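A short worksheet on the structure shown next.
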Amino acid sequence: MNAIPKIDFVSAADAEAMLADVAARLREGHIVPYLGPGVAEMSKPEVPMTPEALAAFFGTKVALPRRARGNAWASAQHIESNKHRSTVTALMAQAFGVPVAPTALHRHLASLSLPMIVDAWYDGAMRAALEGRENWGEVQGITRAGIGEDRWYRFYDAQGRETDRAAAKDWATVLYKPHGSIAPAKNFLISDADYVEVLTEIDIQTPIPDIVKERRTGRSFLFVGCRFNDQLLRTYARQISKRAADAHYALVEPDALSKNELRFLVGQGLTPLPIALPRAAEILLAG
């Protein structure tokens, strides 16, 4: 049995000093923020903000077998297999139908004209924070179920109109939503079948847009509001930050980390910063 990795977390004061330095580098465009649902959760939204909460939502709409309960991807697969893909899309649209208000951190990031922001949940808070700015756009992962196209993602401009990769090259800021989003077009990667195709090729990076590969080069990642307690979430974090700079950072709550999360932090060489998210947001806003 593999031993649980031991991490000697830095002191609170040292962690805050490190994050202040990261905040300065973020402002300069040397750090890519990778937002998990914990960021939007600070606005106390009325939508599911964890995979477990999303699975529970599915369970209120459809009778799920025991093997699917508590697992959002398996729940969506059961619904897709026994009803229709359109039912999954409709339920996701219902789950995320109430707009999520951008937090102060979302608005701060939007104000910085960063080369890239990664947002790994389905809400539209980061897009809403960017509204009103010029020269930005979004690239979203899409399901390939039934679309009859050999595409892994779609591009949308600041007005929510679908565009193409040629237009994206000129955007000052790229918002990357690898799992899709409620806005602007209800693209969702959610079922096991969606992810089987992606995970088959993600190691060779095919499902990751070229513009994301270009803008991560030479840059570090800061994981904010993320959990790595699911293999799928770990895989995406690993592959999106692949071939970027060597040093990456993750805001963590040490007492909440699972064994697999500890192994992931050590295996990926992530620097864990043990700072509660509200306090971390204050530091990033001040940076």
Side-chain angles (χ1 to χ4, degrees), residues 4-43 49-51 102-112 114-121 125-126 129 176 178 215-287:
I4 301 172
K6 187 176 187 310
I7 297 179
D8 293 321
F9 293 99
V10 299
S11 69
D14 286 346
E16 291 195 2
M18 292 174 70
L19 185 59
D21 177 68
V22 167
R25 292 167 58 202
L26 174 71
R27 184 180 290 274
E28 294 166 357
H30 301 313
I31 302 277
V32 176
Y34 188 116
L35 310 182
V39 177
E41 194 169 15
M42 289 193 293
S43 70
M49 294 310 296
T50 65
T103 65
L105 182 55
H106 285 113
R107 296 195 184 282
H108 175 67
L109 296 175
S111 75
L112 297 180
L114 300 172
M116 183 165 68
I117 301 168
V118 181
D119 185 353
W121 197 236
M126 192 64 238
Y176 178 37
R215 298 202 181 194
R216 72 187 176 188
T217 302
R219 294 186 169 96
S220 299
F221 279 74
L222 171 64
F223 294 91
V224 186
C226 299
R227 291 297 304 270
F228 306 113
N229 55 343
D230 183 284
Q231 180 64 33
L232 178 68
L233 303 179
R234 293 192 293 273
T235 297
Y236 265 78
R238 181 187 304 113
Q239 296 297 339
I240 290 171
S241 62
K242 194 174 186 177
R243 303 192 184 114
D246 293 333
H248 305 297
Y249 308 88
L251 297 172
V252 300
E253 295 185 16
D255 293 342
L257 292 172
S258 68
K259 297 175 185 177
N260 283 332
E261 286 178 292
L262 288 168
R263 292 190 181 100
F264 178 76
L265 292 172
V266 172
Q268 293 302 114
L270 292 173
T271 299
L273 302 177
I275 309 171
L277 191 51
R279 174 56 184 153
E282 292 176 0
I283 297 169
L284 291 170
L285 265 59

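Computed from a predicted model, the values in this text were never measured in an experiment.
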Minimum heavy-atom separation for [X] to [Y], with atom names?
| X | Y | value |
| --- | --- | --- |
| Met126 | His106 | CE-O, 3.3 Å |
| Cys226 | Tyr34 | SG-O, 3.4 Å |
| Pro102 | Ala125 | CG-O, 3.5 Å |
| Ile240 | Arg216 | O-NH1, 3.1 Å |

Worksheet item: Should Val39 and Asp119 be marked as a side-chain contact (heavy atoms from CB on, under 4.5 Å) after you check the CA-CA gap, both sets of side-chain angles, and the distance that decides it?
Response: CA-CA 10 Å; Val39 177; Asp119 185 353; over 6 Å; no
Fill in: Spacing of CD1 belonging to Ile117 relative to CG belonging to Leu35, to within rounding of 0.5 Å
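Answer rounded to 0.5 Å: 7.0 Å.
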Practice prompt. Rounded to the nearest 0.5 Å, what's the gap from OG on Ser241 to CG on Leu222? Could you check?
Written response: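 Rounded to the nearest 0.5 Å, the OG-CG separation comes out at 12.0 Å.
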Item to complete: Apply salt bridge (charged side-chain N to carboxylate O under 4.0 Å, His left out) to Lys259 and list each qualifying residue two or more places apart in sequence or on a separate chain.
Response: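 Scan of Lys259 (salt bridge (charged side-chain N to carboxylate O under 4.0 Å, His left out), adjacent residues dropped) gives none.
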Discussion item. Among residues at least two apart in sequence or on other chains, which ones pass side-chain hydrogen bond (donor to acceptor under 3.5 Å, both in side chains) with Ser111?
Written reply: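 For Ser111, no residue satisfies side-chain hydrogen bond (donor to acceptor under 3.5 Å, both in side chains) once neighbours in sequence are set aside.
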Item to complete: If a pair satisfies salt bridge (Lys or Arg N to Asp or Glu O under 4.0 Å) and one of its residues is in residues 222-237, list it, with sequence neighbours excluded.
Response: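 Output for this query lists Arg227-Glu261.
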Item to complete: Would you mind listing every salt bridge (Lys or Arg N to Asp or Glu O under 4.0 Å) that reaches into residues 29-38, with sequence neighbours excluded?
Response: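 Sorted pair list comes back empty.
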Worksheet item: Is a side-chain N or O of Arg219 found less than 3.5 angstrom from the main chain of Val32, in a donor-acceptor match?
Response: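 No; judged by distance alone, with no hydrogens or angles, the pair does not exist.
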Discussion item. Is it the case that the side chain of Arg27 and the backbone of Leu112 share a donor-acceptor pair, with hydrogens and angles ignored and the cut-off at 3.5 Å?
Written reply: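 Absent.
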Worksheet item: Got a sec, which pairs hit ring pair (Phe, Tyr, Trp, His ring centres under 6.0 Å) with one end in residues 4-27, sequence neighbours left out?
Response: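 Passing the test, one end in residues 4-27: no pairs.
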Worksheet item: ring-ring contact (aromatic ring centres under 6.0 Å, His included) with Phe228: which residues, sequence neighbours excluded?
Response: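 Expected list: Phe223, Phe264.
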Item to complete: Using the test side-chain contact (heavy atoms from CB on, under 4.5 Å), find all partners of Val10 that sit at least two apart in sequence or belong to another chain.
Response: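 Here the qualifying residues are Asp14, Ala15, Met18, Pro274.
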Discussion item. Which residues pass the side-chain contact (heavy atoms from CB on, under 4.5 Å) test with Pro37, not counting sequence neighbours?
Written reply: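 Pro37 satisfies side-chain contact (heavy atoms from CB on, under 4.5 Å) with Met49, Trp121 only.
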Do any side-chain atoms of residues 280-287 form donor-acceptor pairs under 3.5 angstrom with protein atoms, and if so which ones, sequence neighbours left out?
{"from": "Glu282", "atom 1": "OE1", "to": "Arg279", "atom 2": "NH1", "distance (Å)": "2.9"}

Under 3.5 Å, side-chain donor or acceptor atoms of residues 246-257 against the rest of the protein: list the pairs with distances, not counting sequence neighbours.
{"from": "His248", "atom 1": "ND1", "to": "Phe221", "atom 2": "N", "distance (Å)": "2.9"}
{"from": "His248", "atom 1": "NE2", "to": "Ala245", "atom 2": "O", "distance (Å)": "2.9"}
{"from": "Tyr249", "atom 1": "OH", "to": "Arg25", "atom 2": "NH1", "distance (Å)": "3.0"}

Worksheet item: Of Val22, Leu114, Asp21, which is the lone residue that meets side-chain contact (heavy atoms from CB on, under 4.5 Å) with Ile31?
Response: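 Exactly one candidate clears the test, Val22.
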